Number of protein chains: 2
Amino acid sequence: MIDTKDKILETAERLIGEQGYAATSLRQIIAEAGVNLAAVHYHFGSKEELLDELVQRKAEKVNAIRMSRLQALEHAGGKPGVRVILDAFFEPALEMASSHPQFVRLMGRVISEGMMPEIAERHFYPTVQRFIRALQQALPGIPPAEVAMRGHFMLGALAHTMSSSPKTKKVAARDTELRRRMKMLVTFLAAGFSAPASKAEEA
Amino acid sequence: MIDTKDKILETAERLIGEQGYAATSLRQIIAEAGVNLAAVHYHFGSKEELLDELVQRKAEKVNAIRMSRLQALEHAGGKPGVRVILDAFFEPALEMASSHPQFVRLMGRVISEGMMPEIAERHFYPTVQRFIRALQQALPGIPPAEVAMRGHFMLGALAHTMSSSPKTKKVAARDTELRRRMKMLVTFLAAGFSAPASKAEEA
DNA sequence: GTATGATTCAAACGAGTGATTGAATCATCC
DNA sequence: GGATGATTCAATCACTCGTTTGAATCATAC
């Protein structure tokens, strides 16, 4: 037994990423991890707390890097543009995805499977909000509410791209493909964010 | 009893839209619908077939309208632009969402909750593929594979926006808000699709 | 080497799951 | 109005769920 706790976390990350939280049972997790059922509750307390710790462990690293990159941009003088802000948001995730390919899927699940909103809120929203604010400052011609809504679109596109991320290939090939997709995504999003404000409704 | 089958469909649409497929039990559905548990299996056969019929009923109407609008565009002479193609895709969904507010959420779930891929594939992909092809023709300067990937981003943004669509408000207010969001979404997506192709990777 | 606390284990808990059954009720036609 | 087929009903099936329990095993310190 190397480390029961880690084996549970690893397996849960993979299975929940592939199937979703509600559709993945603890028994499936412990069977594939080769540990005892009670170990889950001993180490985590409950299924939900397992997910929480899972998300927290991975998200906090990515978010810390994102924040420091954003701060570096803002302290470099001269308002940062949309593209570099998006890069500061996506590249850390790409790094993590490269070493932990399952991570990316899980994050997509947490965002799109709206059934654990507190978890997504706790571990994602503070950072996302900071980036939205940066984007609002980079786009003074567009109403802040519309920029925020575009941030919503960004999360959706990201989550969907992530949760259907390339499955089992050779590591190098998966990595290249992931990088290619992220690059396309950032290009797509940068143009979307920079679009002129949509006109108000007419009757 | 007006119609047991319709009551099941209505309630299932709402609950699955709100909670997801795996997280919604048949017993919750029949309790809120006020019908007997066996009625579900009598009328549909199984939980999964219920979902299938649910999606099929709603999707086929929307898709039929989408297709006829797209064909009208293409037969009007002169290659249709990105914006009008997107409008032909989104406006029918908006109409449906206006009369059946739960529908929009359910669709988001089906797309993002990847656990019933055959269902999403059966009822969504044919139409989506047709629109992707139209967009590829409207964007000759961009590699078709990249346009297809952008279609993926579009679905993600749409699904996420839909599944977190405005909850219980007055009907008129919800309608206006939905229309506003869709307008922003199309503006955002049109700019994204029209972005120059992302450059190839460098080492 | 024995005591102590951390960890693992098999077993069971009660509640909830989708599905099935066969009798009861309903509608419709002859 | 009795027969026939469609629909509804309460009851139960076998199973899975997350969680709990208490004894067994392990590690570490004395």
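Throughout, a chain's letter reflects where its sequence line sits, starting with A, and its residues are numbered from 1. Here the structure is a predicted model, which means the values were calculated and not measured.
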* Asked: Using a cut-off of 4.0 Å between protein heavy atoms and nucleotide atoms, how would you tag nucleotides 16-22 of chain C 5' to 3' with B, S and -?
  -> -BBBBB-
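A heavy-atom distance below 4.5 Å is not found between the side chains of B/Arg109 and B/Glu18.
Put simply, CD1 on A/Ile30 is 15 Å from C1' on D/dT20, counting in whole angstrom units. Remark: P of D/dT7 and NZ of B/Lys7 are 15 Å apart, rounded to the nearest angstrom. The distance from atom CD of A/Glu49 to atom P of D/dG18 is 14 Å, rounded to the nearest whole Å. Counting to the nearest Å, the C1' atom of C/dT25 and the OH atom of B/Tyr42 are 13 Å from each other.
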Side-chain donor-acceptor pairs of residues 9-17 of chain B under 3.5 Å, sequence neighbours excluded:
residue : atom : partner  : partner atom : Å
B/Thr11 : OG1  : B/Lys7   : O            : 2.8
B/Glu13 : OE1  : B/Lys58  : NZ           : 2.8
B/Glu13 : OE2  : B/Lys58  : NZ           : 2.9
B/Glu13 : OE2  : B/Phe103 : N            : 3.1
B/Arg14 : NH1  : B/Glu32  : OE1          : 3.4
B/Arg14 : NH2  : B/Glu32  : OE1          : 3.0

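Under the ring-ring contact (aromatic ring centres under 6.0 Å, His included) criterion, A/Phe124 pairs with no residue, sequence neighbours left out. Here A/Arg83 pairs with A/Asp87 under the salt bridge (Lys or Arg N to Asp or Glu O under 4.0 Å) rule; sequence neighbours left out. Partners of A/Arg130 according to the salt bridge (Lys or Arg N to Asp or Glu O under 4.0 Å) rule, which considers only residues two or more places apart in sequence or in another chain, are A/Glu74.
Look at A/Thr4 and you'll find a side-chain N or O under 4.0 angstrom from OP1 or OP2 of C/dT8. For the pair A/His43 and C/dT8, the criterion of a side-chain N or O lying under 4.0 Å from OP1 or OP2 is met.
The stretch residues 173-194 of chain B participates, sequence neighbours left out, in these ring pair (Phe, Tyr, Trp, His ring centres under 6.0 Å) pairs: A/Phe153-B/Phe188, A/Phe188-B/Phe193, A/Phe193-B/Phe188.
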